[in-house]
Peer 1: 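First the structure, then my questions, so here it is.
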Protein chains: 2
Amino acid sequence: MLTIGALARKTGTKVQTIRYYEQIGLLPEPGRTEGGQRRYGDAELDRLSFIRHARQLGFSLGAIRELLDLSDHPNKPCHEADTIARRQLKEVEQRLVRLEALRTELERMVRECSGGRTADCRVLEVLRDHSECLTDHTEAGA
Amino acid sequence: MLTIGALARKTGTKVQTIRYYEQIGLLPEPGRTEGGQRRYGDAELDRLSFIRHARQLGFSLGAIRELLDLSDHPNKPCHEADTIARRQLKEVEQRLVRLEALRTELERMVRECSGGRTADCRVLEVLRDHSECLTDHTEAGA
DNA sequence: ATACATCCTACAGCCACTAGAGGTTCAACC
DNA sequence: GGTTGAACCTCTAGTGGCTGTAGGATGTAT
């Protein structure tokens, strides 16, 4: 039986994050000691590891909820999980394209900066005038 | 003189976002009509365009605040702006590396999915067992 | 028995917006 | 001059995915 702190260490999660996952129903309410402290078993360890791994792969908590649900029903057909993963892959690919455009633009800004006064700063100039950009990075966000 | 809606259209910003920028002090408080509606001139248009462009390049509002401040002082040396841009470039590059690892892993998951029952689903299996991963995508986040 | 690390709840805060309620103003048209 | 109706106003709350803090209770080692 693991304390919440031990579970946190084993999974590389913060204690508060575990409680947060419980609060939003992603983790089940665990057993408690007489004094009211949470105690976890292997099932919870596996489930949290699954969640953390999926988060590392960029899945949203909503998608993870679906994946966990599928994982709980071994006889369901698998194409739903496949769909979720493909959707995630598509999003990652789109982000990659946008980020590459950003990199190009930032590299150019930095390369062309002559190091004088801000009045002549290439970085600020490019920011001031969008038409100086070679790539399309609209909607690029983070 | 532009209404807030016209300014929004010109810069591709939502009206609420403009008010939000004003609220956090990124845009100055504009003049008002007798009835209390905001009216903007070219200076605000330029400033908001700068902000939006920098946002598209992924700069945080904090970084943008610094850049605007530099832009307001044309005789300051330029290396601070350069530093901010380089920092941003570095972050973008790091995100790219992580996202590429994610893409590799997601592609493999999707490719290997046989389309049977969830019990045998490759996607779910990989999520369950981190050791199946070839790439390091820890801390990859979004 | 005591120390003290860890646990508990409850709530506020982060970023960068976005949405909605409920009411007011402006500009155009008749 | 009167009437629409789109656009404006303020204020508040919600989004995702946590993170941090206050103030107190519990568990374990000595």
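Letters A, B, ... are given to chains in the order of the sequence lines, protein chains preceding strands, and every chain is numbered from 1.
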Peer 1: Is a side-chain donor-acceptor pair under 3.5 Å present for R128(B) with S71(A)?
Peer 2: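 Short answer, yes.
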Peer 1: Any carboxylate oxygen within less than 4.0 angstrom of a Lys/Arg side-chain nitrogen, looking at R65(A) and D69(A)?
Peer 2: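 Result for this pair is no, no salt bridge flagged.
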Peer 1: Calculate the interatomic distance between L61(B) atom CG and dC14(C) atom C1'; express it in whole Å.
Peer 2: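 Rounded to whole Å, this separation is 12 Å.
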Peer 1: What is the minimum heavy-atom distance between D82(A) and V110(B), and which atoms define it?
Peer 2: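 Minimum heavy-atom contact is OD1-O, 3.9 Å.
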Peer 1: Strictly below 4.0 Å: does R65(A) bring a side-chain N or O up to OP1 or OP2 of dG17(D)?
Peer 2: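 Answer no for this pair, as no side-chain N or O of R65(A) is under 4.0 Å from OP1 or OP2.
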Peer 1: Calculate the interatomic distance between I64(A) atom CD1 and dG16(D) atom C1'; express it in whole Å.
Peer 2: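 In whole Å, dG16(D) C1' lies 12 Å from I64(A) CD1.
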Peer 1: May I ask you to say whether E80(A) pairs ionically with K76(A), meaning some side-chain N is under 4.0 Å from a carboxylate O?
Peer 2: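 Not counted as a salt bridge, because no side-chain N and carboxylate O are separated by less than 4.0 Å.
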Peer 1: Answer yes or no: does a side-chain N or O of K14(A) lie under 4.0 Å from OP1 or OP2 of dG20(D)?
Peer 2: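 Answer is yes, contact under 4.0 Å.
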Peer 1: Using every non-hydrogen atom in the two residues, find where E44(B) and P28(B) come nearest and quote the distance to one decimal.
Peer 2: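 Scanning both residues completely, I find the closest heavy atoms to be CG-CG, 4.4 Å.
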Peer 1: In whole angstrom, give the distance that lies between atom CD1 of I51(B) and atom C1' of dA16(C).
Peer 2: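 One finds 13 Å between C1' of dA16(C) and CD1 of I51(B), rounded.
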Peer 1: Check E29(B) with R38(B), please: is the shortest side-chain N to carboxylate O separation under 4.0 Å?
Peer 2: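 No, this pair does not count.
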Peer 1: Start at the 5' end of DNA chain C and walk down; is the nucleotide closest to E34(B) or to G62(B) reached first?
Peer 2: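 Nearest nucleotide further toward 5': that of G62(B).
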Peer 1: With nearest nucleotide decided by heavy atoms, which residue, T3(A) or T3(B), maps closer to the 5′ end of DNA chain D?
Peer 2: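 Comparing both residues, the 5'-ward one is T3(B).
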Peer 1: Testing the basics here: between L96(A) and L99(B), what is the closest heavy-atom pair and its distance to 0.1 Å?
Peer 2: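 Where L96(A) meets L99(B) most closely, the heavy atoms are CD2-CB, 3.7 Å.
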Peer 1: How far apart are the closest heavy atoms of T33(B) and R39(B), and which atoms are they?
Peer 2: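 Heavy atoms only, the tightest pair is CG2-NH1, 3.3 Å.
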Peer 1: Taking the minimum atom-to-atom distance to the side chain of V15(B), which one of dC8(D), dT26(D), dC17(C) wins?
Peer 2: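 Nearest nucleotide to the side chain: dC8(D).
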Peer 1: Under 4.0 Å from any atom of DNA chain D, heavy atoms only: list the residues of residues 16-30 of chain B that qualify, in numerical order.
Peer 2: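 R19(B), in order of number.
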Peer 1: Among dC26(C), dC8(D), dG27(D), which nucleotide has an atom closest to any side-chain atom of I4(B)?
Peer 2: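 Nearest nucleotide to the side chain: dC8(D).
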Peer 1: With side-chain contact (heavy atoms from CB on, under 4.5 Å) as the criterion, how do D72(A) and R47(A) come out once you've worked through the C-alpha distance, each side chain's angles and the decisive distance to 0.1 Å?
Peer 2: CA-CA 10 Å; D72(A) 288 342; R47(A) 195 169 172 95; 3.4 Å; yes
Peer 1: Among residues 35-45 of chain A, which ones have heavy-atom contacts with DNA chain D below 4.0 Å?
Peer 2: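 Residues of residues 35-45 of chain A under 4.0 Å from DNA chain D: G35(A), Q37(A).
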Peer 1: I need the CZ-P distance between R32(B) and dC8(D), as an integer number of Å.
Peer 2: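 Taking CZ of R32(B) and P of dC8(D), I get 12 Å after rounding.
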